[in-house]
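Written out below as structure tokens is the structure these notes cover.
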Amino acid sequence: MRRVHDPLTLDLFEVPVPRAALPGALDVGLTVRHLISDLLKASPKSRFEIAARMSELLGHEVSKHQLDAWTAESREGWRFPLEYLPAFEVAVETHQVTTWLADLRGCKVLVGKEALEAELGKLERMRDAAGKRIKE
């Protein structure tokens, strides 16, 4: 069975490398717009439903108009607020923006079982190293 490569999903053994801190290298505004837009399009929920869920989670109104403005390249003055990111990801049922941002900075996001498996692997390596030292 052939795996389809999803650029937003990292392999467990890929080591993320931070983007170079060169002038302009972290100008990610357009990328954020496209990522948010792609997630909205991929969601089975309407933008109205996503805005309503975000509003519920945030405790104040988010409208479909705002979602549209945050994703439109022509709306240069509108930026997706970072403080809305957790509510957005819950509303569209994803961790893809967080994962992308972590990768951008040379980190990796592990969720649920992945986090437990990584911790177990770390503990097993520690156990093996301790056993080796004891034998020495």
Side-chain angles (χ1 to χ4, degrees):
M1 176 190 229
R2 187 172 174 210
R3 283 182 65 194
V4 176
H5 178 68
D6 176 0
L8 296 176
T9 304
L10 298 175
D11 186 322
L12 183 60
F13 299 105
E14 284 182 25
V15 178
V17 178
R19 190 166 300 183
L22 301 172
L26 296 175
D27 181 9
V28 296
L30 192 56
T31 303
V32 170
R33 284 181 190 274
H34 288 177
L35 183 53
I36 299 294
S37 179
D38 290 347
L39 291 169
L40 288 167
K41 289 175 189 170
S43 176
K45 298 175 184 172
S46 72
R47 289 185 181 212
F48 290 107
E49 292 171 310
I50 292 167
R53 180 68 173 135
M54 288 178 66
S55 298
E56 176 186 0
L57 294 167
L58 293 167
H60 56 86
E61 186 68 26
V62 173
S63 69
K64 177 198 176 289
H65 170 76
Q66 287 173 292
L67 291 175
D68 293 342
W70 291 329
T71 58
E73 289 183 36
S74 62
R75 302 296 298 268
E76 193 58 34
W78 285 72
R79 301 279 190 223
F80 184 84
L82 178 61
E83 63 267 27
Y84 289 8
L85 180 58
F88 175 79
E89 285 193 328
V90 168
V92 295
E93 300 176 10
T94 189
H95 292 97
Q96 288 186 356
V97 182
T98 300
T99 300
W100 168 78
L101 184 58
D103 183 53
L104 181 71
R105 296 293 299 128
C107 304
K108 184 172 177 97
V109 174
L110 302 175
V111 179
K113 189 176 178 183
E114 288 180 331
L116 294 174
E117 288 172 349
E119 182 65 18
L120 179 60
K122 177 182 171 184
L123 292 172
E124 287 173 345
R125 285 190 305 278
M126 290 170 60
R127 178 198 62 206
D128 294 347
K132 192 174 183 178
R133 285 184 60 200
I134 290 170
K135 287 179 183 178
E136 289 173 354

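Owing to the predicted nature of the structure, the values given are computational and were not obtained by experimental measurement.
Between L35 and Q96, the shortest heavy-atom distance links the atoms CD2-O, 4.4 Å. Closest heavy-atom contact between A69 and R75: O-CB, 3.5 Å. Between I50 and V92, the closest heavy-atom pair is CD1-CG1, 3.5 Å.
Scored by the side-chain contact (heavy atoms from CB on, under 4.5 Å) test, E73 finds L30, H34 as partners (sequence neighbours excluded). Take L104 and apply the side-chain contact (heavy atoms from CB on, under 4.5 Å) test, not counting sequence neighbours, and it matches R19, L26, V28, W100, L101. For the salt bridge (Lys or Arg N to Asp or Glu O under 4.0 Å) test, no residue two or more places apart in sequence or in another chain qualifies with E49. Judged as a side-chain contact (heavy atoms from CB on, under 4.5 Å), and not counting sequence neighbours, the contacts of L82 are L85. By the side-chain contact (heavy atoms from CB on, under 4.5 Å) test, P86 pairs with no residue at all, sequence neighbours left out. With sequence neighbours excluded, the residues that form a side-chain hydrogen bond (donor to acceptor under 3.5 Å, both in side chains) with R79 are E76.
By the 30° and 60° cut-offs, the orientation of the rings of F88 relative to F80 is perpendicular.
Within the 4.5 Å cutoff, the side chain of T71 has no heavy atoms near those of the K41 side chain.
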Taking distance alone, no hydrogens or angles, what donor-acceptor pairs closer than 3.5 Å link side-chain atoms of residues 123-136 to residues at least two apart or in another chain?
{"from": "R125", "atom 1": "NH1", "to": "G121", "atom 2": "O", "distance (Å)": "3.3"}

Below 3.5 Å, can you tabulate the donor-acceptor pairs from side chains in residues 55-66 to any protein atom, sequence neighbours excluded?
{"from": "S55", "atom 1": "OG", "to": "A51", "atom 2": "O", "distance (Å)": "2.8"}
{"from": "S55", "atom 1": "OG", "to": "V62", "atom 2": "N", "distance (Å)": "2.7"}
{"from": "S55", "atom 1": "OG", "to": "V62", "atom 2": "O", "distance (Å)": "3.1"}
{"from": "E56", "atom 1": "OE1", "to": "R53", "atom 2": "NH1", "distance (Å)": "3.2"}
{"from": "E56", "atom 1": "OE2", "to": "R53", "atom 2": "NH1", "distance (Å)": "3.4"}
{"from": "S63", "atom 1": "OG", "to": "H65", "atom 2": "N", "distance (Å)": "3.4"}
{"from": "S63", "atom 1": "OG", "to": "Q66", "atom 2": "N", "distance (Å)": "3.1"}
{"from": "K64", "atom 1": "NZ", "to": "D68", "atom 2": "OD2", "distance (Å)": "2.5"}
{"from": "Q66", "atom 1": "OE1", "to": "S63", "atom 2": "N", "distance (Å)": "2.7"}

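Within the structure, ring pair (Phe, Tyr, Trp, His ring centres under 6.0 Å) pairs that include any residue of residues 104-136 do not occur (at least two apart or interchain). Here ring pair (Phe, Tyr, Trp, His ring centres under 6.0 Å) pairs that include residues 105-126, with residues two or more places apart or in two chains, number zero. Residue pairs meeting the salt bridge (Lys or Arg N to Asp or Glu O under 4.0 Å) criterion with at least one member in residues 20-39: none, sequence neighbours excluded. For residues 81-93, every residue pair satisfying the side-chain hydrogen bond (donor to acceptor under 3.5 Å, both in side chains) rule, not counting sequence neighbours, is listed here: K45-E93, E89-T98.
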